[in-house]
Amino acid sequence: MLPADYEHLTPAQAIAYQHELRKQIQIKPLDKPIQTIAGADISFNKHEETVYAGIVVFSYPELKIIGNATAISRTSFPYISGLLAFREVPALLEAWNKLESKPDLLVLDGQGIAHERRLGIATHFGLVTGATTLGCAKSRLAGIFQEPANEPMVESPLYHKGEQVGVALRSKRNCNPLFISPGNNIDIPQSVEVIKQCIRGYRMPEPTRQAHLLVNKIRIANGSAPNNQHDLFS
DNA sequence: GCGACAG
DNA sequence: ATCTTGTCGC
């Protein structure tokens, strides 16, 4: 099944595909140290099928931006809780294929295995590309957890069906926690360690934060003009 | 049956 | 996710 064909799937078929992909998930320590990390995100105008995807690559752990790629695509697959990947992965894949060199680790805006079928967008993207991925969501989808104390970098395990699937991390005081979970080819401890290393004064880690800023820029830039995929830097 | 529900 | 100004709290 190719991501380009997701739009033809019914919700029931999408769920069946998730059960299929689940068999390939690999939660394990990283094979090699991280030297480059990237963040990916999507932006779009409500009620419109055009989606703006972007990926920003950084050196690690310095976190200096060393590249990016964007793609303006379309989706007809609606947002359905639990099936987010079928709506956003196709466009993200287009941006991913444009990257000069792939990062050692990709952070996606959403869940990894902290999903009812262990197939959050980060895990899904990792299995489709073979990349090492991690999910960093702004809110909980599945699982139970205790509220982390109101102190920076305090974490609390996130459990689903008696199994730990990630952690709730308070990245900043007085801010709601982030929900971190492995996507594929990485484990929970390393996923949390990397995200902590990417927090630079904001609630969101730099990879995802910068990707979010980038996709919003290209969306606004294309709001009035048709094809202007250039000059979206400064 | 009721409430929850990534972006 | 996006639409939007001011405003409460640290």
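Note that these values count all heavy atoms, side chains included, but never hydrogens, waters or copies made by symmetry. A, B, ... follow the sequence lines: proteins, then strands. Residue 1 opens every chain.
Summarising the geometry of Glu206(A) relative to Phe58(A), their closest heavy-atom pair is O-CZ, 3.7 Å, with the distance given to 0.1 Å. The two residues Thr133(A) and Ile186(A) have their closest heavy-atom pair at O-CG2, 3.3 Å.
For DNA chain C, if you chain together Watson-Crick or G-U pairs that step i with j, i+1 with j-1 and so on, you find no run of at least three with distances under 3.5 Å. Paired regions of DNA chain B, requiring three or more successive Watson-Crick or G-U pairs whose two hydrogen-bonding distances fall under 3.5 Å, are not present.
Using a cut-off of 4.0 Å between Lys/Arg side-chain N and Asp/Glu carboxylate O, Arg219(A) and Glu48(A) are scored as not salt-bridged. A salt bridge does not link Arg170(A) to Glu155(A): none of the charged nitrogens lies less than 4.0 Å from a carboxylate oxygen.
Counting only N and O atoms by type, the side chains of Ser43(A) and Asn216(A) include a donor and acceptor under 3.5 Å apart.
At dG7(B), none of the side-chain N or O atoms of Ser81(A) fall inside 4.0 Å of OP1 or OP2 (strictly under the cut-off). Between dA6(B) and Arg140(A), no contact under 4.0 Å exists linking OP1 or OP2 to a side-chain N or O. Side-chain N/O atoms of His47(A) include none lying less than 4.0 angstrom from OP1 or OP2 on dC3(C). For the OP1/OP2 pair of dC3(C) and a distance below 4.0 Å, the side-chain nitrogens and oxygens of Arg219(A) include at least one atom meeting the criterion. For Lys138(A), a side-chain nitrogen or oxygen approaches OP1 or OP2 of dA1(C) to under 4.0 Å. The side chain of Asn174(A) places no N or O atom within less than 4.0 Å of a non-bridging phosphate oxygen (OP1 or OP2) of dC8(C).
In this structure, Leu92(A) atom CG and dA1(C) atom P are separated by 14 Å, rounded to whole Å. Whole-Å rounding puts the Lys217(A) NZ to dT2(C) C1' distance at 19 Å. For Asp109(A) and dG7(B), the CG to P distance is 6 Å, given to the nearest whole Å. Taking atom CD of residue Glu88(A) and atom P of nucleotide dA1(C), one finds them 9 Å apart after rounding to whole Å. Here dA1(C) presents its P atom at 15 Å from CD1 of Ile218(A), a figure rounded to the nearest Å.
For Phe86(A) and Phe77(A), the gap between ring centers is short of 6.0 Å.
Mapping Arg173(A) and Val215(A) onto DNA chain C by nearest heavy atom places Val215(A) at the nucleotide closer to the 5' end.
At a non-hydrogen distance threshold of 4.0 Å, nothing from residues 14-26 of chain A comes into contact with DNA chain B.
Among the atoms of the strands shown, base atoms are found under 4.0 Å from some heavy atom of Leu83(A). No engagement by His124(A) is indicated, since no non-hydrogen atom pair under 4.0 Å with the nucleic acid exists. Among the atoms of the strands shown, none is found under 4.0 Å from any heavy atom of Gly135(A). The residue His115(A) sits close to a base: some heavy atom pair falls under 4.0 Å. Using a 4.0 Å heavy-atom distance criterion, Ile121(A) is classed as a base contact. Residue contacts for Asn216(A): at a heavy-atom cut-off of 4.0 Å it reaches the sugar-phosphate backbone alone, with no base atom in range.
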Give the intermediate values and the outcome of side chain to side chain contact (heavy atoms under 4.5 Å, CB included) for residues Arg209(A) and Arg203(A). CA-CA 9 Å; Arg209(A) 199 176 79 80; Arg203(A) 179 199 179 207; over 6 Å; no
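Side-chain atoms of Lys46(A) lie closest to dT2(C) of the nucleotides dC5(B), dT2(C), dG7(B).
Under the stacking criterion of a centre-to-centre distance below 5.5 angstrom and an interplanar angle below 30°, Phe44(A) is not stacked against the six-membered ring of dA1(C).
With hydrogens and angles ignored, the 3.5 Å screen pairs no side-chain donor or acceptor of Arg140(A) with any backbone N or O of Ala168(A).
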